[in-house]
J.: 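Dropping a structure here in structure tokens format, bear with me for questions.
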Amino acid sequence: MENASTSSDAPNVNHTSAPSLGIPLLATGDLPYASRAERWKRSTLSYALHDTWDRERVLGDEDSGHTGCVNALSWAQGGDTLLSGGDDRTVRFWRIDPTDSSSDYPFACVAVIKTGHRGNIFNNQMLPYSSRIATVSGDSQVRVFDITEATGHATPRGRETEYNTGEACIRVFRCHSGATKRIVTEESPDTFLTVSEDGTVRQNDLRHPHVCGSDSCPPPLIRLRHDLYSIGVSPLTPYQFVVAGESPYGYLFDRRQVGRSLQEEAGVPDSIEDLARCVRRFSRKHRRGERKKGREYISGVRMAESNGHEVLMTYGGEALYLFSTLDDAGTANKWLGKRARSSILTPNPKRSRSDGGTPESTWSSDEMDMDSDVEMVDDPPARPNEVNLVGLSPRREADAESNAEEEEEDEDEYKDPDPHTDVPVIYPRTRFAGHCNVETIKDVNFLGPDDDFVASGSDDGNFFVWEKSTGKLHGIYEGDGSVVNVIEDHPNLPLIAVSGIDTTVKLFAPGHGRSQWSRMQNADSIMNQNRQASRASRSHLRVNLGQLLLHYNMALPGAVEEGGTGGPTCTFQ
């Protein structure tokens with residue numbers, strides 16, 4: 001595509017329209033040539049992503065592709081390869097086919113690994129500076145593969161090369177005791193982090209083999225008392241990581257600050273095994289009654305790669321929240337109801353509906369607030385680098401006060417099992433709403449070279465994209481026939497990979513005309529339906545259907561071996 005060019009020799013470029021999109025003008029006078037070229041590429045990529053996107057290609061069909069839900073996507077080898085994994089327990093390699101001119105991005109499957117996992121694959125990553133691929137699964141295992149020296153065989157379906165477990169697998173870790181959900185790579189081909197529903201984060205090291213199950217597994221970096229679903233690390237601050245799961249809090253741990261044990265120093269054995277210290281917690285307002293019933297959970301967390309301090313979290317049945325590790329702990333904001341003392345950022349002044357002000361024809365994340373304690377008012381769109389905060393209406397202030405009193409009563413009865421209650425809490429800067437996150441454990445992501453956008457999948461088969469700096473809704477796109485779970489952007493091109501319950505992967509890129517897959521024309525209706533679905537989910541206890549189906553699915557191979565019939569079952573994450 002012309003607007004995806006990464007060429008560095010384009011001297012006469014008109015940047016007059018860039019400031020309106022929040023893109024800074026290039027200041028390249030004193031920079032060396034390599035830096036100027038890199039900044040030019042990043043600015044061009046950011047500019048292209050501000051256009052409307054369209055579906056460019058669908059990866060997979062009846063003859064080639066996954067046969068179950070696609071839960072894992074990751075770009076590898078500088079974007080030359082897209083790795084995908086899913087419920088069929090295979091990892092597929094997608095690369096550009098130079099003989100295919102049917103689209104701008106003719107990716108095709110060139111290899112497939114039969115991993116041998118007994119549960120659905122939830123994440124796969126290629127380790128840096130190597131050809132090793134790590135996978136995690138619902139069977140609690142962590143497996144590492146390398147096909148460079150493996151002898152595969154061609155499949156009858158086409159150009160794919162198939163590798164079985166015995167040919168490609170070089171290591172199996174069984175240290176976790178629960179479904180293992182995410183992998184985070186480090187600047188090493190030998191070490192990586194994994195997070196599991198057993199409440200632990202472990203550092204896996206290929207240089208130090210051990211026999212799992214014989215009490216020889218290294219101690220975990222951290223251990224919490226609830227299930228963990230996600231982990232986020234920024235390459236700029238690799239010593240820190242954020243974890244989240246079945247708790248209303250996200251936890252920031254710092255590996256530079258190992259906890260001090262006074263018991264151990266006195267010669268008394270201590271059961272504390274954490275190799276990192278929790279230094280901050282992240283949270284937003286607790287909805288009335290949720291904490292008491294234990295229904296708050298965070299399904300996904302990411303740290304920004306461009307700055308190292310921004311943290312994005314998505315709450316089940318609710319919205320996305322943006323935090324910053326640089327903010328002062330304990331500073332409350334409008335999402336804390338009656339007890340709010342101040343805001344992290346100054347809120348926009350309240351305006352009545354009789355002011356006659358008409359907002360522009362853009363959607364803000366706060367216009368479709370999922371929290372029934374807050375009613376949105378019509379505010380003008382925020383300027384770049386501002387947060388679109390809206391205060392409580394007079395009619396709701398009294399309700400908020402009474403609700404806050406009831407919340408205080410609930411909190412008096414609620415016994416918080418959190419072992420880090422003494423750790424300061426950071427409250428959010430921005431809220432992004434409009435999607436529905438109920439049915440599956442969805443991921444969340446920053447998009448763009450400078451993390452310009454925030455994206456999340458939705459239960460309605462769409463994925464939502466917001467401008468991070470303003471909170472405005474940038475786009476709604478149909479990405480799946482049922483539910484979108486994963487969104488990953490290409491490191492060098494304006495290309496987005498999306499997957500979910502379908503057995504295919506969809507690629508989106510800035511289009512040349514009207515987008516056939518944009519749903520912005522129905523934004524009001526879509527967001528209203530999602531709002532109702534999210535509220536309905538909060539009136540029922542959350543059932544972990546995914547776990548029930550996982551246990552059933554893991555029992556299938558045994559039935560098949562005994563002569564029964566069965567096949568890959570598409571289960572929720």
Side-chain angles (χ1 to χ4, degrees), residues 72-76 83 122-130 132-136 142 144 173 175-176 180-197 199-206 218 220-224 228-245 247 249-258 274-282 298-314 320-326 420 423 426 441 443-451 454-455 468 486-489 491:
L73 293 175
S74 63
W75 294 98
L83 300 179
F122 291 140
N123 202 205
N124 47 230
Q125 298 284 341
M126 182 170 283
L127 304 185
Y129 317 116
S130 75
R132 300 168 179 170
I133 299 97
T135 62
V136 292
V142 180
V144 182
F173 293 97
C175 306
H176 288 293
T180 313
K181 306 308 289 280
R182 294 291 181 268
I183 302 169
V184 169
T185 60
E186 303 183 289
E187 285 297 308
S188 168
D190 300 306
T191 62
F192 57 96
L193 306 182
T194 53
V195 64
S196 169
E197 289 185 357
T200 65
V201 172
R202 291 184 177 272
Q203 183 180 47
N204 305 274
D205 195 334
L206 300 176
L221 292 180
I222 63 143
R223 187 188 301 275
L224 295 177
L228 294 177
Y229 296 147
S230 188
I231 181 172
V233 176
S234 172
L236 298 182
T237 54
Y239 44 83
Q240 293 180 331
F241 60 89
V242 180
V243 295
S247 168
Y249 297 100
Y251 300 86
L252 175 68
F253 286 87
D254 195 323
R255 285 193 273 182
R256 300 171 302 177
Q257 302 185 33
V258 179
D274 288 359
L275 300 181
R277 178 185 291 274
C278 182
V279 295
R280 288 293 184 272
R281 293 184 294 168
F282 305 98
I298 299 167
S299 66
V301 61
R302 288 289 179 112
M303 290 191 73
E305 294 187 0
S306 64
N307 54 53
H309 69 87
E310 290 181 325
V311 178
L312 188 63
M313 299 195 315
T314 176
L320 280 68
Y321 291 88
L322 180 68
F323 304 82
S324 173
T325 61
L326 302 181
H420 301 291
V423 176
I426 293 178
I441 301 298
D443 210 348
V444 67
N445 208 348
F446 293 97
L447 303 181
D450 297 310
D451 301 320
V454 168
K468 184 186 71 175
V486 186
I487 305 168
E488 292 290 340
D489 61 333

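Worth saying up front: this structure is predicted, and the values here are computed from it rather than measured.
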J.: Within a strict 4.5 Å, meaning less than it, do heavy atoms of the Leu206 and Phe173 side chains meet?
T.: yes

J.: Any side-chain to backbone donor/acceptor pair from Ser74 onto Asn124? Under 3.5 Å, distance only.
T.: yes

J.: Restricting to salt bridge (charged side-chain N to carboxylate O under 4.0 Å, His left out), what partner residues turn up for Arg202, sequence neighbours left out?
T.: none

J.: Between Pro220 and Thr200, which heavy-atom pair has the shortest distance, and what is it?
T.: CB-CB, 3.9 Å

J.: Please name all residues satisfying side-chain contact (heavy atoms from CB on, under 4.5 Å) with Ser247, sequence neighbours left out, ordered by chain then number.
T.: His226, Tyr249, Tyr251

J.: What residues form a side-chain contact (heavy atoms from CB on, under 4.5 Å) with Thr185, not counting sequence neighbours?
T.: Gln125, Leu127, Pro128

J.: Donor-acceptor pairs under 3.5 angstrom involving side-chain atoms of residues 232-241: please list them, not counting sequence neighbours.
T.:
from: Ser234; atom 1: OG; to: Leu236; atom 2: N; distance (Å): 3.3
from: Ser234; atom 1: OG; to: Ala304; atom 2: O; distance (Å): 2.8
from: Thr237; atom 1: OG1; to: Gly308; atom 2: O; distance (Å): 3.3

J.: What do the steps show when you test Tyr229 against Glu197 for side-chain contact (heavy atoms from CB on, under 4.5 Å), and what is the final call?
T.: CA-CA 6 Å; Tyr229 296 147; Glu197 289 185 357; 3.6 Å; yes

J.: Name all residues meeting the ring-ring contact (aromatic ring centres under 6.0 Å, His included) criterion together with Phe323; count only those two or more places apart in sequence or in a different chain, and write none if there are none.
T.: Phe282

J.: With a 4.5 Å limit on heavy-atom distance, are the side chains of Met313 and Val444 in contact?
T.: no

J.: What residues form a side-chain hydrogen bond (donor to acceptor under 3.5 Å, both in side chains) with Ser196, not counting sequence neighbours?
T.: Asp198

J.: Using only atom types and a distance under 3.5 Å, with no angle test, would you say the side chain of Asp489 pairs donor to acceptor with the backbone of Gly448?
T.: yes

J.: Any chance you could measure Asn307, atom CG, to Leu326, atom CG, to the nearest 0.5 Å?
T.: 8.0 Å

J.: Would Ile426 and Leu252 count as a side-chain contact (heavy atoms from CB on, under 4.5 Å) if you check the C-alpha gap in whole Å, the side-chain angles of each, and the deciding distance to 0.1 Å?
T.: CA-CA 10 Å; Ile426 293 178; Leu252 175 68; over 6 Å; no

J.: Closest approach of Leu447 and Ala455, non-hydrogen atoms and distance?
T.: CD1-CB, 3.6 Å

J.: Applying salt bridge (charged side-chain N to carboxylate O under 4.0 Å, His left out), name anything that partners Arg280, two or more places apart in sequence or on another chain.
T.: none

J.: For Val144, is there any backbone N or O sitting under 3.5 Å from a side-chain donor or acceptor partner on Arg132?
T.: no

J.: Run Val311 and Val301 through side-chain contact (heavy atoms from CB on, under 4.5 Å) and show every step you take.
T.: CA-CA 7 Å; Val311 178; Val301 61; 3.9 Å; yes

J.: Roughly how far apart are Leu322 CG and Phe446 CZ, rounded to 0.5 Å?
T.: 5.5 Å

J.: Could you give the distance from CG (Asp205) to OG1 (Thr191), rounded to the nearest 0.5 Å?
T.: 6.0 Å

J.: Name all residues meeting the salt bridge (charged side-chain N to carboxylate O under 4.0 Å, His left out) criterion together with Glu186; count only those two or more places apart in sequence or in a different chain, and write none if there are none.
T.: Arg255

J.: When you compare the side chains of Asn123 and Arg182, does any donor N or O come within less than 3.5 Å of an acceptor on the partner?
T.: no

J.: Quick check: closest heavy atoms across Ala134 and Ile183, and the distance to 0.1 Å?
T.: O-CD1, 3.3 Å

J.: Would you give the length of the straight line joining atom OG1 of Thr180 to atom CG of Leu228, rounded to the nearest 0.5 angstrom?
T.: 11.0 Å

J.: I'd like to check the side-chain hydrogen bond (donor to acceptor under 3.5 Å, both in side chains) partners of Thr194; sequence neighbours left out, ordered by chain and number.
T.: His176, Asn204

J.: Which pair of heavy atoms, one from Ala244 and one from Gly250, lies closest together, and at what distance?
T.: CB-CA, 4.3 Å

J.: Which pair of heavy atoms, one from Asn445 and one from Leu312, lies closest together, and at what distance?
T.: O-CD2, 3.7 Å

J.: As an exercise, state the distance from CD1 of Ile231 to CG of Leu221, rounded to the nearest 0.5 Å.
T.: 8.0 Å

J.: Run the side-chain hydrogen bond (donor to acceptor under 3.5 Å, both in side chains) test against Asp450 and tell me which residues pass, sequence neighbours left out.
T.: Arg42

J.: Under the side-chain hydrogen bond (donor to acceptor under 3.5 Å, both in side chains) test, which residues partner Ser306, sequence neighbours left out?
T.: Asp451

